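To start, the structure under review is shown below, and the notes come after it.
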Amino acid sequence: MGREEIKHKKRVVVKVGSSSLTHKTTGHISISKMERLIRQLVDIKNSGKDVILVSSGAQAVGISALNLPGKPAEMEKKQAVASVGQASLMMIYQKLFREYGLVSSQVLITKDIIDQPERKQNATNTFRALMDYGVVPVVNENDTVATDEIEFGDNDTLSAIVAELVSADLLILLTDIDGLYESNPAQNPDAKLMEEVTHITDDILGMAGGSGSKVGTGGMVTKLEAAKIAIENGIEMVIANSEKPDILHQIIAGETVGTYFRLSR
């Protein structure tokens with residue numbers, strides 16, 4: 001059936017990166033991008049599916065709010081910036097979701113929660129309760145307290161872990177490129193987009209480059225690592241370009257957009 005099966009997915013985790021929430025020229029938050037995202041998420045939720053959003057952007061919003069020239073180097077200042085930004089980001093999310101008749105919640109996670117079975121179960125129970133209430137959880141790494149020992153490092157990995165926690169059947173990574181290319185499209189204008197991947201081989205991993213965004217932390221490598229986690233847990237995944245106005249609707253409708261990581265059958 002191919003992508004036709006996507007129409008029947010019941011629980012969807014959507015991860016959006018910093019570059020998909022900010023203006024390219026200034027790095028400041030883009031309300032129009034956020035509103036476009038929320039409209040699609042609400043529509044998917046109203047169609048009867050569970051929706052969980054994993055959102056980057058706390059540091060980008062904090063940098064903007066504090067009028068800083070860029071991301072600070074010191075850990076404590078990064079965490080302070082994230083603290084300012086996370087509060088501002090959630091205010092925007094809650095306002096936009098409310099305007100469309102839905103309630104959202106904030107869930108901040110660090111890696112030690114996942115590494116400890118009892119805390120992992122508590123997190124799973126919380127997600128389950130939120131979805132029972134019809135809430136859209138908005139998840140981010142808890143950058144304010146995370147250190148090297150307890151940080152995920154990027155929200156691509158976090159989104160795959162969250163998809164596992166909530167027993168999702170689809171993970172969507174929205175980014176600033178169309179998907180996985182056979183070579184770097186910035187260097188090769190004839191690079192071919194891979195429409196479907198069933199096995200993440202060494203050759204596939206070799207196609208991934210570094211981070212292409214000045215406001216994000218992940219690159220294609222971390223997205224492929226997320227795909228491995230998802231596939232190992234029976235969760236299919238799509239990487240797609242957030243700049244396309246109705247990209248989530250297109251994915252859920254089973255249209256051939258982005259790169260589809262499907263379970264081999």
Side-chain angles (χ1 to χ4, degrees), residues 13-22 24 27 53-60 70-71 73 75 78 82 109-111 114-115 139-141 143 146-165 168 170-243 247 251 257-264:
V13 174
V14 176
K15 182 264 177 176
V16 60
S18 299
S19 62
S20 300
L21 299 174
T22 55
K24 290 182 179 179
L53 175 63
V54 177
S55 174
S56 301
Q59 288 199 20
K71 189 182 294 186
M75 174 61 75
K78 286 181 182 178
I109 295 179
T110 48
K111 192 171 180 289
I114 309 305
D115 291 339
V139 188
N140 195 1
E141 182 164 10
D143 292 328
T147 58
D148 290 343
E149 293 80 14
I150 61 171
E151 69 176 357
F152 289 97
D154 67 87
N155 276 354
D156 294 327
T157 302
L158 174 60
S159 67
I161 297 296
V162 169
E164 177 197 353
L165 280 176
L170 180 65
L171 171 61
I172 300 172
L173 302 186
L174 294 182
T175 184
D176 51 7
I177 60 172
D178 290 334
L180 176 65
Y181 284 84
E182 291 183 353
S183 60
N184 189 337
Q187 299 172 356
N188 177 14
D190 297 321
K192 183 181 177 183
L193 177 70
M194 298 192 68
E195 293 182 355
E196 187 172 295
V197 175
T198 54
H199 295 90
I200 302 173
T201 63
D202 289 342
D203 287 341
I204 295 291
L205 291 171
M207 295 175 188
S211 175
S213 169
K214 66 179 181 181
V215 294
T217 56
M220 193 54 67
V221 171
T222 60
K223 289 167 179 56
L224 292 181
E225 289 171 352
K228 286 180 67 176
I229 295 170
I231 294 296
E232 286 169 3
N233 287 281
I235 304 162
E236 298 194 317
M237 191 180 100
V238 176
I239 300 175
N241 195 333
S242 64
E243 293 295 324
I247 190 63
I251 293 169
V257 291
T259 302
Y260 175 35
F261 295 80
R262 72 170 179 84
L263 302 176
S264 58

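What you see is a predicted model, and the numbers here were worked out from it, not measured in a lab.
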- Note on the structure: Value for CD (Glu182) from CD1 (Ile204), rounded to nearest 0.5 Å, stands at 8.0 Å

- Task: Return the minimal non-hydrogen interatomic distance between Ile247 and Ala240, and the atom names on each side.
- Result: CG1-CB, 3.7 Å

- Query: CD1/Ile251 to CG/Leu174 distance, rounded to the nearest 0.5 angstrom?
  - Reply: 6.0 Å

- Closest non-hydrogen contact found for Gly57 with Ser18 is N-OG, 3.3 Å

- Message: Here's a test for you: under side-chain contact (heavy atoms from CB on, under 4.5 Å), which of Asn140, Leu21, Val139 qualifies with Ser55?
- Response: Leu21

- Note on the structure: dist Thr259:OG1 -> Leu180:CG (nearest 0.5 Å) comes out at 5.0 Å

- Message: The criterion is side-chain contact (heavy atoms from CB on, under 4.5 Å); which residues satisfy it with Thr175, sequence neighbours excluded?
- Response: Ile177, Lys223, Ile239

- Please round to the nearest 0.5 Å and tell me the distance separating atom CD1 of Ile229 and atom CG of Leu158. 10.0 Å

- Note on the structure: Exactly one candidate in Ile172, Asp154, Asn155 meets side-chain contact (heavy atoms from CB on, under 4.5 Å) with Lys15; the answer is Asn155

- Item | Ala160 to Leu171 - nearest heavy-atom pair and separation | CA-CD2, 3.9 Å

- Message: Distance check, rounded to the nearest 0.5 Å: Tyr260 atom OH versus Thr198 atom OG1?
- Response: 10.5 Å

- What heavy-atom pair brings Gln59 and Ala82 nearest, and what distance separates the two atoms? CG-CB, 3.9 Å

- Task: Return yes if some donor-acceptor pair links the side-chain N/O of Ser20 with the main-chain N/O of Ser242 below 3.5 Å, else return no.
- Result: no

- Task: Please report the shortest heavy-atom distance between Ala60 and Thr22, naming the atom on each side.
- Result: CB-CG2, 4.1 Å

- Taking only residues two or more places apart in sequence or in another chain, which ones pass side-chain contact (heavy atoms from CB on, under 4.5 Å) with Ala227? Ile200, Met237, Phe261

- Pick from Glu196, Glu195, Glu236: which one makes a salt bridge (charged side-chain N to carboxylate O under 4.0 Å, His left out) with Arg262? Glu196

- Query: Do the side chains of Glu225 and Val221 get nearer than 4.5 Å, heavy atoms only?
  - Reply: yes

- Task: Compare all side-chain heavy atoms of Val13 with those of Ile235 and state whether any distance is below 4.5 angstrom.
- Result: no

- About how many Å separate OG1 of Thr157 and CD1 of Ile114, when rounded to the nearest 0.5 Å? 12.0 Å

